[in-house]
Amino acid sequence: MEMEPTKVPSEGGLNVTLTIRLLMHGKEVGSIIGKKGETVKKMREESGARINISEGNCPERIVTITGPTDTIFKAFAMIAYKFEEDIINSMSNSQATSKPPVTLRLVVPASQCGSLIGKGGSKIKEMRESTGAQVQVAGDMLPNSTERAVTISGTPEAIIQCVKQICVVMLESPPKGATIPYRPKPASTPVIFSGGQ
């Protein structure tokens, strides 16, 4: 097996279909759906990505974004800017002076988290430094799944750059073995997060 020269995939050359899953709270989901579903409809149309939102009255919902990588980046950009808009709007009626960062939580198969972190944390450190986003990979798997939460926070621009890098890693090292996807539990039971998330 000969080694191919490592080339950074250009935006156009990365044209494979990928699925990225996001974990969101109900309020965030409401913001993405918008009145009568207008916001999510617009996001689907403008990005060209498939955006699915898990059903169920759970405190958490899974938002699945599928499509060629360039459509995923567009969808992510729209979500990140929407969240920033929500932060700005909520600040206008509060006393807060510093603007909190936008935070997105990805759900990633644990078998791919090693590649995201890199040897001795080298990859995740490089992502933080090159994008300016904060990236954290949860130590524990999400309940009843083989997936972990990867939290990205920063400016929308930093988040988009970071997601691009994460997509590249995920494409270069596909998940090993079967992935048991995380499914949020209905609201009847209190959700307890370990590790102070």
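The shown structure was predicted, so the numbers you read here are calculated from the model rather than taken from an experiment. In this chain, numbering begins with 1 at the start of the sequence shown.
- Residue pairs meeting the side chain to side chain donor-acceptor pair (under 3.5 Å) criterion with at least one partner in residues 44-54, sequence neighbours excluded, do not occur; the list is empty.
- Other residues, nucleotides and ligands contribute more than 12 heavy atoms inside 6.0 Å of the CZ atom of Arg128.
- Taking the side chain as every heavy atom from C-beta outward, Ile32 and Phe83 approach each other to under 4.5 Å.
- For the atom pair OG of Ser130 and NZ of Lys164, the computed distance is 12.0 Å after rounding to the nearest 0.5 Å.
- The shortest side-chain heavy-atom distance between Cys167 and Ile20 falls under the 4.5 Å cut-off.
- The existence of a salt bridge linking Glu55 and Arg61 is excluded, since no basic side-chain nitrogen approaches an acidic carboxylate oxygen closer than 4.0 Å.
- Residues Thr146 and Met141 meet the side-chain proximity criterion, which asks for heavy atoms closer than 4.5 Å.
- Closest heavy-atom contact between Cys58 and Pro184: SG-O, 3.7 Å.
- Ion pairing between a basic and an acidic side chain is recognised when a charged N comes within 4.0 Å of a carboxylate O; Lys125 and Glu129 show such pairing.
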Run the side-chain contact (heavy atoms from CB on, under 4.5 Å) check on Asn144 and Lys185 step by step: do they pass?
CA-CA 10 Å; Asn144 309 318; Lys185 285 268 183 288; 3.2 Å; yes
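- Of all the heavy atoms in Leu142 and Ala149, the pair that sits closest is CD1-N, 4.0 Å.
- Checking side-chain atoms of Ser122 against main-chain N and O of Gly118 turns up no donor-acceptor pair under 3.5 Å.
- When side chains are defined from C-beta on, Lys99 counts as touching Ile87, because their heavy atoms get closer than 4.5 Å.
- A side-chain hydrogen bond (donor to acceptor under 3.5 Å, both in side chains) with Tyr182 is found for exactly one of Arg148, Arg21, Glu60, namely Glu60.
- Residues Ser173 and Val169 form a side-chain contact, since some pair of their non-hydrogen atoms from C-beta on lies under 4.5 Å apart.
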Any chance you could lay out the side-chain hydrogen bond (donor to acceptor under 3.5 Å, both in side chains) test for Glu172 and Ser115, step after step, and finish with the verdict?
CA-CA 9 Å; Glu172 285 171 354; Ser115 308; over 6 Å; no
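- Leu171 CG to Ile166 CD1: the interatomic distance, rounded to the nearest 0.5 Å, is 12.0 Å.
- Of the inter-residue distances, the one linking Ile88 atom CD1 with Met91 atom CE reads 8.0 Å to the nearest 0.5 angstrom.
- Scanning both residues, Pro175 and Gln112, for their nearest heavy atoms gives CD-NE2, 3.3 Å.
- Following chains of ILVMFWY side-chain contacts shorter than 4.5 Å, one cannot reach Ile180 starting from Val108, and the two form parts of different hydrophobic clusters.
- Residues Glu147 and Pro181 approach most closely at OE1-CA, 3.3 Å, considering heavy atoms.
- Summarising the geometry, atom CD belonging to Gln161 is positioned 11.5 Å from atom CD1 belonging to Ile159; distances are rounded to the nearest 0.5 Å.
- Judged purely by atom type and a 3.5 angstrom limit, Gln136 has no side-chain atom pairing as donor or acceptor with the backbone of Thr151.
- With hydrophobic clusters built from ILVMFWY side chains whose heavy atoms lie under 4.5 angstrom apart, Val16 shares a cluster with Leu116.
- Contact record, Ala49 with Ala75: CB-CB, 4.1 Å, taken as the closest heavy-atom pair.
- The distance from the CE atom of Met43 to the NZ atom of Lys74 is 14.5 Å, given to the nearest 0.5 Å.
- With values rounded to the nearest 0.5 angstrom, Asn89 atom CG is found 10.5 Å from Glu84 atom CD.
- A chain of hydrophobic side-chain contacts below 4.5 Å, direct or via other Ile, Leu, Val, Met, Phe, Trp or Tyr residues, connects Ile65 to Leu18.
- Taken together through direct or relayed side-chain contacts under 4.5 Å among Ile, Leu, Val, Met, Phe, Trp and Tyr, Ile160 and Met24 form parts of separate hydrophobic clusters.
- Taking hydrophobic clusters as Ile, Leu, Val, Met, Phe, Trp and Tyr residues chained together by side-chain heavy-atom distances below 4.5 Å, Leu104 shares a cluster with Ile53.
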Run Val107 and Leu22 through side-chain contact (heavy atoms from CB on, under 4.5 Å) and show every step you take.
CA-CA 6 Å; Val107 183; Leu22 283 166; over 6 Å; no
As a quick check of understanding, evaluate side-chain contact (heavy atoms from CB on, under 4.5 Å) for Thr39 and Ser31, giving each step before the final call.
CA-CA 8 Å; Thr39 309; Ser31 164; over 6 Å; no
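- Contact of the Gln165 side chain with the Cys162 side chain is not registered, since no non-hydrogen atoms from C-beta on lie closer than 4.5 Å.
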For a side-chain contact (heavy atoms from CB on, under 4.5 Å) check, start with the C-alpha distance between Val63 and Leu23, then their side-chain angles and the critical distance, and finish with the verdict.
CA-CA 6 Å; Val63 177; Leu23 189 54; over 6 Å; no
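- Contact check on Lys123 versus Glu126 returns a salt bridge, with a Lys/Arg side-chain nitrogen under 4.0 Å from an Asp/Glu carboxylate oxygen.
- Within 6.0 Å of NZ on Lys176 lie more than 12 heavy atoms contributed by other residues, nucleotides or ligands.
- In this structure the side chain of Leu106 reaches within 4.5 angstrom of the side chain of Phe76, judged on heavy atoms.
- Between Ile152 and Gln134, the closest side-chain pair of non-hydrogen atoms is not below 4.5 Å.
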